[in-house]
There are 2 protein chains.
Amino acid sequence: MRDQRSECPIAYGLDFFGDKWSLLIVRDIAIYGRRRYGQFEAAGEGIATNILASRLKQLVEDGIIEKLRDPEHGSKRIYRLTPKGIDLLPIVVEIIIWSAKHDPDSPVTRGYLHRARRDRDGLLEEMRRNATA
Amino acid sequence: MRDQRSECPIAYGLDFFGDKWSLLIVRDIAIYGRRRYGQFEAAGEGIATNILASRLKQLVEDGIIEKLRDPEHGSKRIYRLTPKGIDLLPIVVEIIIWSAKHDPDSPVTRGYLHRARRDRDGLLEEMRRNATA
DNA sequence: CTGGATCCCAATAGATACTG
DNA sequence: CAGTATCTATTGGGATCCAG
């Protein structure tokens, strides 16, 4: 098991996803509908292949994502959020709201703000649908 | 300036606080009312002193916390959340809710769950007061 | 081809000792 | 008390290699 730093729930959570990449993989699945290794690799942030592989493996071990056989192409594999992973989406939404508010010059980022603020639950629901589709 | 990985608001936020320590410092201030270097150092997770110093410096540069002269002991310094840092608290609350739900054996952690779920806004308000006191 | 594993090197994090 | 300095360990980037 992953070693735990303390009994604090915040430390507990950060021990799972407190790095620069894990929540981006969750985002890729829930917002952009990405499912395959190559799609994650092609995301704009340029994650290194070894890091991607190690994060995917860790997230599967942690029960946040699951690795399945692609029903349409039997040889390929796809990744999906588990219920435990879907429960991370409220955190993701709050990060969007924070960034949208404090990113001074990104119109892209600020575009999310109205959406996220006005229709937080709708955005969440859309992400959940996307993640389980 | 910090280098930005992409235009994505989630990547943007994680570039600020996407590590295992930054949000714990925010927590120390907002939940435990800690203000001084030594208090952060004494927190249960055992952060190394150089890491603590570097995180504090970065958070100040990022405008998430501010370093002030202690009004009671002029020679000492205290750290406090800025409004930008206070805006991180909804993220912290969602992490608490996630951890409380998915930490299988911690009564400490699960103790927060009822509070956070039942009275999310009250918890937030209390943290805000604590952070600005 | 896709989905990784491996390797090398650079960069970052961390433990510990020490200092103003 | 509030940090720096130093040294070591771990992580990360990027190229390349390998299996199905």
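Keep in mind the model is a prediction, meaning the values are calculated, not measured. In what follows, chains are A, B, ... by sequence order, proteins preceding strands, each numbered from 1. What you see below is based on every heavy atom in this structure, not just the backbone, and it leaves out hydrogens, waters and symmetry mates.
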* Asked: Distance check: side-chain N/O of A/Tyr37 vs OP1/OP2 of D/dG20, anything under 4.0 Å?
  -> no

* Structure fact -> The nucleotide from D/dG12, C/dG3, D/dT4 with an atom nearest the side chain of A/Lys76 is C/dG3

* Asked: With B/Ile29, which of B/Ile65, B/Leu24, B/Thr132 fulfils side chain to side chain contact (heavy atoms under 4.5 Å, CB included)?
  -> B/Ile65

* Over 60° means perpendicular and under 30° means parallel, so classify the ring planes of A/Phe16 and B/Trp98, tilted if in between. => perpendicular

* Could you please spell out the steps behind the side chain to side chain contact (heavy atoms under 4.5 Å, CB included) verdict for B/Leu14 and B/Arg5? => CA-CA 10 Å; B/Leu14 293 176; B/Arg5 285 180 292 181; 3.6 Å; yes

* For A/Arg77 and C/dG4, is the shortest distance between a side-chain N/O and OP1 or OP2 below 4.0 Å? -> no

* Structure fact -> From CD of B/Gln58 across to C1' of D/dG3 the rounded distance in Å is 17 Å

* **Atom-to-atom span, CD of B/Glu41 to C1' of C/dG14 - whole angstrom** => 13 Å

* Asked: Which listed nucleotide (C/dA15, D/dG3, C/dA13) is nearest to the side chain of B/Thr49?
  -> D/dG3

* List the steps and the verdict of side chain to side chain contact (heavy atoms under 4.5 Å, CB included) for A/Phe17 and A/Asp62. => CA-CA 10 Å; A/Phe17 50 78; A/Asp62 289 342; over 6 Å; no

* Asked: Does C/dG14 have OP1 or OP2 sitting under 4.0 Å from an N or O in the side chain of B/Trp21?
  -> yes

* To do: Please check the phosphate of D/dT11 (OP1 and OP2 only) for any side-chain N or O of B/Lys20 closer than 4.0 Å.
  => no

* B/Phe40 near the nucleic acid: base, sugar-phosphate alone, or nothing, with a heavy-atom cut-off under 4.0 Å? -> nothing

* Taking CG from A/Asp19 and P from D/dG13, how many angstroms apart are they, rounded to a whole number? -> 11 Å

* Tell me: CD1 of A/Ile78 to C1' of C/dG4, nearest whole Å? -> 17 Å

* Asked: Could you give the CD-to-C1' distance, from A/Glu45 to D/dG12, as a whole number of Å?
  -> 15 Å

* Phosphate oxygens OP1/OP2 of D/dG3: is one of them under 4.0 Å from a side-chain N or O of B/Lys67? -> yes

* Full working for side chain to side chain contact (heavy atoms under 4.5 Å, CB included) between A/Asp19 and A/Arg55 -> CA-CA 10 Å; A/Asp19 69 86; A/Arg55 288 299 182 283; 3.2 Å; yes

* Atom CG of B/Leu52 to atom C1' of C/dG14: distance rounded to whole Å? -> 13 Å

* Structure fact -> Ranking D/dG12, D/dA2, C/dG14 by distance to the side chain of A/Ile51, first place goes to D/dG12

* Calculate the interatomic distance between B/Arg55 atom CZ and D/dA2 atom P; express it in whole Å. => 19 Å

* **Side chain of B/Ala53 (C-beta onward), nearest among D/dG3, D/dT11, D/dG13** => D/dG3

* Asked: Any side-chain N or O of A/Arg36 under 4.0 Å from OP1/OP2 of C/dG3?
  -> yes

* Asked: In whole Å, what is the span from the NZ atom of B/Lys57 to the C1' atom of C/dT12?
  -> 15 Å

* Would you kindly check whether a donor in the side chain of A/Asn50 faces an acceptor in the base of D/dG14, or vice versa, at under 3.5 angstrom? => yes

* Applying side chain to side chain contact (heavy atoms under 4.5 Å, CB included), run through A/Ser22 and A/Leu59 and close with a yes or a no. => CA-CA 8 Å; A/Ser22 298; A/Leu59 289 169; 4.2 Å; yes

* To do: Could you check A/Gly46 against B/Leu56 and say which one's nearest nucleotide on DNA chain D is further toward the 5' end?
  => B/Leu56

